[in-house]
Amino acid sequence: MTVALVDCNNFYASCERVFNPKLWGKPVVVLSNNDGCVVARSNEAKALGIKMGTPFFQVRDLAAKQQVQIFSSNYTLYGDMSRRVMDILSSFVPDTEIYSIDEAFLSLKRFKNIDPHHIRATVKQWTGIPVSIGLAPTKTLAKVANSIAKKSSSGVYCLPEEGKELEALLSKIEVEDIWGIGPQRALFLRSHGIQTAQELRLCNDHWARKHLSIMGLRTVLELRGIPCIPIELAPATKKSITSSLSFGQKVTAYKELEESVSFHVARAAEKARRYELAVEALVVFIQTSRFRQDKPYYGNSQTAILPYPTAYTPDLLRAALKALEGIYREGCEYAKAGVIFTGLVSAKCLQTNIYESDETFHGDQALIKAIDQINRKKGRNTLFFGSSGIDRAWKMRQERRSPRYTTQWSEILTVHI
DNA sequence: TCTGGGGTCCTAGGACCC
DNA sequence: TCTGGGGTCCTAGGACCC
């Protein structure tokens, strides 16, 4: 077996439990930003029939009746816990691809003798987070193995190599549960008589290439045990940076829209600087609610090309606010706004212009560095741009967030004896 | 009343080039 | 009657992932 997929069980819910042991054995649910949808559930909450992605208001009554413990997303905490888990994994197997906040692929080519049970026990002991580990010859099959591991008592499962046993297992995997097969493809496959992973595995290559695109063909081959999706050991270079949020309450005033766009520009620019990237173009977008039946939907976006690649917030703000002017429509109740930075290039080797001074291109570097440093040290938004507003009536709802136990001294866990 | 955020890749079609 | 061939780049939209 050359691939191991390590996946944290009910990750956000588990993070909450680590610092609040009373939650063990109880149904726990974590909500998306703006307390909108259910994005994580403990096994007890799953057993109550609360589905992933359900709008919270639809299960509010059920949750209250069943005493479900509800949390707003605490990404500061989850991000930090994720880093701890990943650090442990790469101390066992350095050839690791961090695939998402709660998942990592380990390449076992150079580490054939690694004991997955030991990894699992160490992560649990050092962080409190339970993980499941699936082993297989390809990433797609490792995903299958992991789903079986999740249901097993040991939390580890190694997929059989070939033959009847493997075929029987794959016959029990529905097509929509295969990594890379979403709702559209699943519908299509079922309409052509392909219901399970085993059936997809046996389909014709040309047919798969034609109807499922090159990605679909890769999935088919991976199910056969032929690796087509490599484990990426080096983090890929970023191609875009997005910052956007739904408003806590509907926004109609231009000034508030302007504030939120400014807020997102500043946030995305900070991220760009952290990655040492400069921005060639940005997109500003605003939209009303897609769910309102009584009012027409309005959503629009405008792209602004910067005169030169930059990560200097004031230059990006100017361009973004000008773009916003072009798409604002009076009388709409906006639900969401955001920015996307694209055309990202390394800030370390920028093409400059001999007719302009350095400051024109890079802005006041000392100032922006100082702002970033202070915010890193003293907490986000200690210093901010005035155009982001002070009251921020539009800010997102976050009514049940737990403390940021591991990253803020003032919110550290206290123990009473 | 209340419905997340941040990404990637592929494909088709149009514009444009020689 | 009959109207080239080969290529690149860009964009919008679709599909997928967690």
Side-chain angles (χ1 to χ4, degrees), chain A residues 5-8 10-12 29-40 51-61 63 70-75 78-79 82 97-105 139-140 143 146-147 175-189 208-219 228-229 232 235-250 260 264 267-268 271-272 275 280-281 283 285 287-295 297 299 301 303 305 333 335-344 396-399:
Chain A
L5 172 61
V6 183
D7 189 319
C8 301
N10 314 329
F11 182 55
Y12 299 166
V29 148
V30 181
L31 303 178
S32 63
N33 277 323
N34 220 27
D35 293 347
C37 295
V38 173
V39 293
K51 298 261 182 305
M52 179 71 174
T54 313
F56 176 56
F57 71 89
Q58 288 176 6
V59 293
R60 185 176 286 144
D61 292 347
I70 297 148
F71 292 89
S72 301
S73 287
N74 186 346
Y75 286 108
Y78 310 151
S82 170
E97 174 189 345
I98 298 175
Y99 178 65
S100 74
I101 194 164
D102 69 336
E103 275 173 84
F105 288 104
K139 284 174 137 183
T140 305
K143 278 273 189 183
N146 192 282
S147 72
V175 274
E176 42 273 278
D177 297 333
I178 301 167
W179 187 50
I181 305 296
Q184 296 303 313
R185 299 242 198 283
L187 218 57
F188 174 81
L189 288 171
R209 173 65 185 86
K210 190 169 169 213
H211 293 107
L212 305 177
S213 93
I214 187 75
M215 304 294 280
L217 177 59
R218 278 184 202 144
T219 299
C228 296
I229 307 172
E232 309 284 352
T237 50
K238 272 202 172 302
K239 295 187 173 145
S240 68
I241 294 173
T242 302
S243 176
S244 75
L245 285 172
S246 301
F247 300 127
Q249 52 207 48
K250 296 287 173 278
S260 84
H264 291 301
R267 195 160 83 120
K271 194 164 181 180
Y275 285 98
E280 283 179 339
V283 183
F285 64 90
Q287 50 195 239
T288 63
S289 171
R290 287 176 189 281
F291 302 97
R292 289 284 288 261
Q293 305 291 317
D294 54 332
K295 294 202 173 129
Y297 171 76
S301 69
T303 303
I305 315 276
E333 292 186 357
K336 183 177 178 177
V339 297
I340 304 168
F341 289 174
T342 59
L344 302 181
M396 68 171 175
R397 270 195 303 275
Q398 212 183 27
E399 286 163 3

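Computed from a predicted structure; not experimentally measured. Chain letters run A, B, ... following the sequence lines, proteins first and then strands; every chain starts at 1.
If you take atom P in dT3(B) and the same atom in dC18(C), they sit 25 Å apart, rounded to whole Å.
Counting non-hydrogen atoms under 4.0 angstrom, Ile241(A) reaches the backbone sugars and phosphates but no base. At a threshold of 4.0 angstrom between heavy atoms, the contacts of Ile181(A) are confined to the sugar-phosphate backbone, with no base atom among them. Using a 4.0 Å heavy-atom cutoff across all strands shown, Ser240(A) reaches sugar-phosphate atoms only and no base atom. Heavy atoms of Asn34(A) sit nowhere under 4.0 angstrom from any nucleic acid atom. Here Asp35(A) lies out of heavy-atom contact (under 4.0 Å) with every strand. Among the atoms of the strands shown, only primed sugar atoms or phosphate atoms (P, OP1, OP2) are found under 4.0 Å from some heavy atom of Tyr99(A).
With sequence neighbours left out, the salt bridge (charged side-chain N to carboxylate O under 4.0 Å, His left out) criterion links Lys336(A) to no other residue. In this view, Phe188(A) and His192(A), Trp207(A), His211(A), Leu212(A) satisfy the side chain to side chain contact (heavy atoms under 4.5 Å, CB included) rule, not counting sequence neighbours. With sequence neighbours excluded, no residue forms a side chain to side chain contact (heavy atoms under 4.5 Å, CB included) with Leu187(A). Partners of Glu333(A) under the salt bridge (charged side-chain N to carboxylate O under 4.0 Å, His left out) rule, at least two apart in sequence or in another chain, are Arg292(A), Lys295(A). Listed by chain and residue number, Val29(A), Leu31(A), Arg41(A), Ile50(A), Val59(A) satisfy the side chain to side chain contact (heavy atoms under 4.5 Å, CB included) test with Val38(A) (two or more places apart in sequence, or in another chain). Partners of Asp35(A) by salt bridge (charged side-chain N to carboxylate O under 4.0 Å, His left out), not counting sequence neighbours: none found.
Nearest-nucleotide assignment on DNA chain B puts the 5′-proximal partner with Ser244(A), out of Ser244(A) and Arg218(A). Positionally, the nearest nucleotide of DNA chain B for Met52(A) lies more toward the 5' end than for the other of Met52(A) and Arg209(A).
Chain A approaches DNA chain C within less than 4.0 angstrom (heavy atoms of the protein), and the contacting nucleotides run 5' to 3' from dA15(C) to dC18(C).
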Completion exercise
Applying the Watson-Crick and G-U criteria (both distances under 3.5 angstrom) with [ ] for crossing and | for other-strand pairs, one obtains for DNA chain C ....||||||||||||||

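In this structure, Asn34(A) contributes its side chain and Phe247(A) its backbone to a donor-acceptor pair below 3.5 Å.
Look at Glu103(A) and Lys143(A) and you find a salt bridge, because one of the NZ, NE, NH1 or NH2 atoms lies within 4.0 Å of a carboxylate O, short of that distance.
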Pairs under 3.5 angstrom only: tabulate donor-acceptor contacts from the side chains of residues 175-184 of chain A to other protein residues two or more places apart or in another chain.
unit_1: Glu176(A); atom_1: OE1; unit_2: Arg190(A); atom_2: NE; d: 3.3
unit_1: Glu176(A); atom_1: OE2; unit_2: Arg190(A); atom_2: NE; d: 3.3
unit_1: Glu176(A); atom_1: OE2; unit_2: Arg190(A); atom_2: NH2; d: 2.7
unit_1: Trp179(A); atom_1: NE1; unit_2: Tyr99(A); atom_2: OH; d: 3.2

